[in-house]
Amino acid sequence: MKAVVVQTFGTPDGMAVVDVPAPEPGPGQVAIAVEATGVGGVDAVIRRGTLGGYGFSPGHILGSEVAGTVTGVGAEVDPSWIGERVWAFTGTGGGYVEQAVAAVADLERIPAGLTNEAAVALGNSGSVAHFALRHAHFTPGESVLIRGAAGSIGLLAVQLAAQAGSEAIAVTTSSPERGLRLRELGATHVLDRSGSGDGPATYDVILDVVAGPDLPAFIPRLSPNGRLVLLGVIAGLPPADLSSHLMQSFQRSLSLATFSLDTISRPARALVRRDQFAAAARGELHPVVHDILPLDEAAKAHEQMDAGQVFGRIVLTP
Ligand SMILES: NC(=O)c1ccc[n+]([C@@H]2O[C@H](COP(=O)([O-])OP(=O)(O)OC[C@H]3O[C@@H](n4cnc5c(N)ncnc54)[C@H](OP(=O)(O)O)[C@@H]3O)[C@@H](O)[C@H]2O)c1
């Protein structure tokens, strides 16, 4: 089967389409004929080599979430899964393929009314957005700033914050056009990437998927008792002296936290995902699919991500 691997970490031209044996489902796993694969920001971060210390080696198959039809089951798995249309989390790799394997605990049936493409734009991102707001101890009425809101995590965080009763939802984004689209999803204030614009001076909660050298500039944007939760590293790791910026605001009792979905139990994730899939099928939650490209064009999808052209999520189809 075809798979897209990283041969050289760095630019998208280090990616290649190769032929590999189709994986067999092990105990507790299913095999899935993939019909849609989400191209996540985390894939770009891995491909660039930003997470070099986490043990990714050349030949790594990218991709962490797929949708398709279950074609086989491993030992200890109920064979009635065969033929089901499912979303699946494949881990930190294994998704840019024609046939994937995933643990049965990481599957979700896709309800009628939700496309495969929408499911892979929503699956993990919606859970990250949900649990990140919880990790930030967000309560209704509090103000929220979402840095890097034009990605699939941010777009869902905007919608969830609006639905949970946030009165002020500011977003950072790079263009007025994106700002308009973010307003349609619930943003009340649109800021540029540096955080300048017509919005409150400070926020109770900041969700940040960007990090990088500019992160310290957002610490003074927290209200007293404010909480900044770091979700991603799109712009690279934050500077090493980050904590000194926090200490400069000591008298405002600020909190700086990281959040990874890995710390949320599979059953808890599954409950939230099921609710979000149902909400999206009813039209109450809007995952955003930027474009659908053939699997062979995965490198093109990554070029578009690196060029900052993607609003929401690109989806690959075999
Ligand atoms: N915490 C978790 O459990 C978890 C789970 C999955 C993924 N992640 C992380 O989340 C990140 C990807 O999230 P995503 O897919 O939602 O985002 P994304 O699509 O990669 O990017 C979101 C937006 O960030 C803005 N951006 C890009 N580069 C920037 C820069 N240098 N400075 C400021 N803004 C920039 C862009 O919007 P504009 O051009 O409009 O500014 C972009 O559309 C990755 O770091 C990944 O590791 C975390």
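In each ligand, atom 1 is the first atom listed, and ligand 1 is the first ligand listed. Computed from a predicted model, the values in this text were never measured in an experiment. Positions are given from 1, in the same order as the sequence printed here.
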*What is the closest protein heavy atom to atom 37 (O) of ligand 1, and at what distance does it sit?*
R178 NH1, 3.4 Å
*asked:* Is it the case that the side chains of R227 and H137 hold a donor-acceptor pair, with the cut-off being a distance below 3.5 Å and no angle test?
replied: no
*Of all the non-hydrogen atoms in the protein, which one sits nearest to atom 32 (N) of ligand 1, and at what distance?*
V210 CG1, 3.5 Å
*Just wondering, do L160 and L285 contact through their side chains at under 4.5 Å, heavy atoms?*
yes
*Please name the pair of heavy atoms, one in P111 and one in A281, separated by the smallest distance, quoted to 0.1 Å.*
CG-CB, 4.1 Å
*Return yes or no for this condition: an N or O of D262 is under 3.5 Å from an N or O of ligand 1.*
no
*Any N or O of A235 closer than 3.5 Å to N or O of ligand 1*: no
*So if you build clusters from Ile, Leu, Val, Met, Phe, Trp, Tyr with side-chain heavy-atom gaps below 4.5 Å, do L107 and F277 land together?*
no
*What residue and atom, counting heavy atoms only, is the protein's closest point to atom 1 (N) of ligand 1, and at what distance?*
F259 O, 2.8 Å
*Roughly how far, to the nearest 0.5 Å, is NE2 of H135 from OG1 of T263?*
6.5 Å
*Who's the nearest protein heavy-atom neighbour of atom 47 (O) of ligand 1, and how far?*
V42 CG2, 3.5 Å
_One pair to check against salt bridge (Lys or Arg N to Asp or Glu O under 4.0 Å): R221 and D208. What are the steps and the verdict?_
CA-CA 12 Å; R221 305 298 299 273; D208 189 319; over 6 Å; no
*Distance to 0.1 Å, residue and atom name: give those for the protein heavy atom nearest to atom 24 (O) of ligand 1.*
G148 CA, 3.5 Å
*Give a yes/no on ligand 1: does G212 have at least one heavy atom closer than 4.0 angstrom to it?*
no
*May I ask which of I264, T258, V233, I153 has a heavy atom nearer to atom 10 (O) of ligand 1 than the others do?*
I153
*Determine yes or no for a side-chain-to-main-chain donor-acceptor pair under 3.5 angstrom, with D306 supplying the side chain and E303 the backbone.*
no
_Using a 4.0 Å cut-off to any heavy atom of V45, which atoms of ligand 1 qualify?_
44 (C), 45 (O)
*atom 15 (O) of ligand 1 - nearest protein heavy atom and its distance*: G41 N, 3.2 Å
_Distance from atom 41 (O) of ligand 1 to nearest protein heavy atom, with residue and atom_ = R193 NE, 2.9 Å
*For ligand 1, note which part of V310 has a heavy atom under 4.0 Å away: side chain, backbone, both or neither.*
backbone
*asked:* Within the 4.0 Å heavy-atom shell around T173, which atoms of ligand 1 are there?
replied: 38 (P), 40 (O), 41 (O)
*Contact with ligand 1 for A44, non-hydrogen, under 4.0 angstrom*: no
*Carefully, step by step, assess R178 and T173 under the rule side-chain hydrogen bond (donor to acceptor under 3.5 Å, both in side chains).*
CA-CA 7 Å; R178 288 183 169 203; T173 190; 4.8 Å; no
*Would you kindly specify which portion of I234 sits under 4.0 Å from ligand 1, judged on non-hydrogen atoms: side chain, backbone, both or neither?*
both
_Check: S152 N/O within less than 3.5 Å of ligand 1 N/O_ = yes
*Report, as yes or no, whether the 6.0 Å neighbourhood of atom CD on E24 holds more than 12 heavy atoms from other residues, nucleotides or ligands.*
no
*asked:* Students should be able to answer this: which protein heavy-atom is nearest to atom 9 (C) of ligand 1, and at what distance?
replied: L231 O, 3.5 Å
_To check you understand the geometry: which heavy-atom pair defines the closest contact between Y96 and T37, and what is its length?_
CD1-CG2, 3.5 Å
*Taking atom CG of D198 as the centre, report whether more than 12 heavy atoms of other residues, nucleotides or ligands fall under 6.0 Å from it.*
no
*Please work out which of the three classes, parallel, tilted or perpendicular, describes the rings of F56 and H60, given edges at 30° and 60°.*
perpendicular
_Nearest neighbour of atom 3 (O) of ligand 1 from the list L261, T172, T50, V209, on a heavy-atom basis_ = L261
